[in-house]
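For reference, the structure discussed in these notes is given below.
The first residue of the sequence shown is numbered 1, and numbering continues consecutively from there.
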Amino acid sequence: MPAYVRALLPVPAGIRRHRVFTVALVAAAALRVITMLGYPPARMYWYDSFAYLHNAVHLQPDQGFHPIGYPLLLRALLPFHSVGVVVAVQHAMGLATGVVVYAALRGRGLPGWAAAAASAPVLFDASFLRLEHAVVSDTLFILLVVAATALLVRRPVPSARAAATAGLLLGGAALTRTIALPLILLVLLVLAVRRVPWRRSAVLALAGLLPVLAYAAWYGGVHGRIGVSGSDGVALWARSMTFADCAVIQPPQDLAPLCPNGTVLDAAGEYVWAKESSLNRLPGGHVALNDRARAFALRAIAAQPLDYLREVVKDAALAFPWTPVAHPARAVPAFGFALGTWPLPADQPLADQVRREYDPDLTGMRSVRPYADLLVAYQYPAYLRGPLLAAILLLGLTGALRRPGRAAALPWAVAVTLLVAPVAVLDFDHRYVLPVVPVACLAAGLTFARPPRRAAVRKAGETPREVPSAERIG
């Protein structure tokens, strides 16, 4: 910027240092304002959104698929009695996720343009705009996981404070979506490979597991058994329905009614809700049948491990085609911005109660022109195609393998786990792929990170004798 322009329009030094990202962040914020103007008040999922809002008002552990993390956020926003405020906060969280990715990479020595490029998918992909505009837990979950991962890659040896904070964030992520539970163990394993002092790992484990254990105890006090979910077995049973062969499994008499009954659906997740599936023909409901469903699924996996692995790989690969594949066929895999109205579902039993208790002005979503027209056109070029996601993951893998324990290893492992774990325990969903993107971009960016300075490693708590090793594992 010329000197005379700087004199007339003084710009803070921080913005000058990060001007590329500042421009990107302002543009991303404008897109989110357009989304709120174009699709008021919010996108409501038939089951998830209403269950979350109901649980926010009647705050207690849910026996279904949803732990308490997201309802706690909704409860904090209850005084506003507006789902519009909820999605506004979530759009701000989406921006914050981009800031975290950018800041982490700048802290590891990447130039501003490269760090801004790594944050671009979460800031500009239209799928994130749609996700943030829905009353679902994913945006909160993404921010918690990305923030925890970024804290742990700032230095080769995280400080005790960073380890504790990352542990709390991962614990919060696990209480938002239970798929984050294995992330705590994964992070501890990667830190062990990086030769992080055991005390730091212990701090992280304690901070991450204590909230989960406290919730499990609360869950037990309410429902009579220790746990964090009352439907995990049902989900795994649904996964097994895509390959289970009871002639091979030979289940005992009490599990035999859970065998496939000839109903064939086009996605594993469909078996959870289909009235004609064998589990839903049994009396008692999901919670009562959860333990039996889990026992059947584990027997099926043990008897047919290769068939199970084949189904997991096949469904996880749906993340990578150039043209998104509808899975299940009734779903809209991408490009979901459209013109029209979407009334609240008439068959949703919680809709009237949520309207009375959480948002008296709650209505179905509608499109408003010309803002919706802009988003309909924008979504087609602003979509991270599957092969590009594959390239980002491969780039992160290159950084993870270049040197043992390199900083890229942790976010890359988190990204792959977030891709595979939902498929392994239930099914593939394009919505479940989105948490993979920012951590995969973080791993790809860290492939080009410079080795940390000697002083930074010493400040993190290592002795001078350990510095060369720490610099090697970068």
Side-chain angles (χ1 to χ4, degrees), residues 45-48 50-52 54-55 58 60-68 71 137 174-175 177-179 181-182 212 215-305 307-308 311-312 315 328 347-350 421-429 432:
Y45 281 80
W46 181 87
Y47 169 72
D48 300 78
F50 295 96
Y52 281 129
H54 177 266
N55 199 18
H58 306 278
Q60 67 174 14
D62 179 33
Q63 285 188 286
F65 292 94
H66 304 135
I68 203 66
S137 64
L175 294 180
R177 282 182 56 192
T178 54
I179 203 66
L181 278 170
V212 177
Y215 177 72
W218 182 21
Y219 185 101
V222 173
H223 299 299
R225 70 177 185 88
I226 301 295
V228 294
S229 171
S231 301
D232 59 304
V234 172
L236 195 60
W237 170 85
R239 172 75 275 171
S240 74
M241 286 298 97
T242 60
F243 66 88
D245 182 349
C246 280
V248 177
I249 301 167
Q250 297 182 349
Q253 186 175 358
D254 64 318
L255 299 182
L258 293 168
C259 286
N261 62 359
T263 299
V264 178
L265 302 172
D266 66 342
E270 298 291 272
Y271 290 92
V272 173
W273 308 109
K275 294 180 180 179
E276 63 271 25
S277 67
S278 57
L279 180 139
N280 291 323
R281 289 185 175 182
L282 297 177
H286 287 176
V287 174
L289 295 170
N290 189 59
D291 291 342
R292 287 174 65 189
R294 185 193 305 107
F296 178 90
L298 292 176
R299 278 181 171 268
I301 293 169
Q304 300 175 257
D307 294 328
Y308 169 67
E311 291 297 318
V312 171
D315 283 357
D347 58 343
Q348 172 48 252
L350 293 175
V423 181
V425 301
L426 177 57
D427 201 359
F428 173 85
D429 191 314
Y432 298 158

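- Residues passing the side-chain contact (heavy atoms from CB on, under 4.5 Å) test with Glu276, sequence neighbours excluded: Thr263, Leu265, Ala274, Arg281.
- Of all heavy-atom pairs between Tyr47 and Gly64, the closest is OH-CA, 4.3 Å.
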key: Derivation and outcome, side chain to side chain contact (heavy atoms under 4.5 Å, CB included), residues Leu426 and Val272   = CA-CA 9 Å; Leu426 177 57; Val272 173; 4.0 Å; yes

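- If you take OG on Ser137 and CZ on Phe65, they are separated by 13.0 Å, rounding to the nearest 0.5 Å.
- Legend: residues meeting side-chain hydrogen bond (donor to acceptor under 3.5 Å, both in side chains) with Tyr271, ordered by chain and number and at least two apart, are absent.
- Applying the side-chain hydrogen bond (donor to acceptor under 3.5 Å, both in side chains) rule to Ser240 yields no partners; only residues at least two apart in sequence or on another chain are considered.
- Judged as a disulfide bond (SG atoms under 2.5 Å apart), the pairs with a partner in residues 216-254 (not counting sequence neighbours) are, in order, Cys246-Cys259.
- In this structure, CZ on Phe296 lies 10.5 Å from CD1 on Ile301, to the nearest 0.5 angstrom.
- The shortest side-chain heavy-atom distance between Val228 and Pro67 does not fall under the 4.5 Å cut-off.
- When every heavy atom of Gly284 is checked against every heavy atom of Ala288, the shortest pair comes out as O-CB, 3.4 Å.
- Sorted by first and then second residue, the salt bridge (Lys or Arg N to Asp or Glu O under 4.0 Å) pairs with a member in residues 291-300 read Asp232-Arg294, Asp291-Arg294; sequence neighbours excluded.
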Identify all side-chain donor-acceptor contacts of residues 215-225 below 3.5 Å with residues at least two apart in sequence or on another chain.
from	atom 1	to	atom 2	distance (Å)
Tyr219	OH	Gly230	N	3.2
His223	NE2	Pro61	O	2.7
Arg225	NH2	Ser229	O	3.2

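- Residues meeting the salt bridge (charged side-chain N to carboxylate O under 4.0 Å, His left out) test with Asp315, sequence neighbours left out: Arg239.
- Summarising the geometry of Ala268 relative to Thr242, their closest heavy-atom pair is CB-CG2, 3.6 Å, with the distance given to 0.1 Å.
- A pairwise comparison of heavy atoms in Ala424 and Leu236 identifies O-CD1, 3.7 Å as the closest pair.
- For residues 246-268, the set of pairs meeting the salt bridge (Lys or Arg N to Asp or Glu O under 4.0 Å) definition, not counting sequence neighbours, is empty.
- With sequence neighbours excluded, the residues that form a side-chain contact (heavy atoms from CB on, under 4.5 Å) with Leu350 are Phe50, His54, Gln348, Gln353, Val354.
- The CG atom of Leu279 lies 10.5 Å from the CG atom of Asn261; values are rounded to the nearest 0.5 Å.
- In terms of the side-chain hydrogen bond (donor to acceptor under 3.5 Å, both in side chains) criterion, Arg177 has no residue partners (sequence neighbours excluded).
- Considering only residues two or more places apart in sequence or on other chains, Val248 meets the side-chain contact (heavy atoms from CB on, under 4.5 Å) condition with Asp245, Ala303, Gln304.
- With sequence neighbours left out, the side-chain hydrogen bond (donor to acceptor under 3.5 Å, both in side chains) criterion links Asp62 to no other residue.
- Here the side chain of His66 pairs no donor or acceptor atom with the backbone of Pro71 at under 3.5 angstrom.
- The distance from the CG atom of Leu258 to the CE atom of Met241 is 7.0 Å, given to the nearest 0.5 Å.
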request  = Go through Val423 and Tyr432 one step at a time and tell me if the side chain to side chain contact (heavy atoms under 4.5 Å, CB included) criterion holds.
outcome  = CA-CA 9 Å; Val423 181; Tyr432 298 158; over 6 Å; no

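- Atom CG of Asn55 sits about 4.5 Å away from atom CD1 of Ile68, to the nearest 0.5 Å.
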ask   = Stepwise, does the side chain to side chain contact (heavy atoms under 4.5 Å, CB included) test hold for Trp273 with His286?
value = CA-CA 10 Å; Trp273 308 109; His286 287 176; 4.1 Å; yes

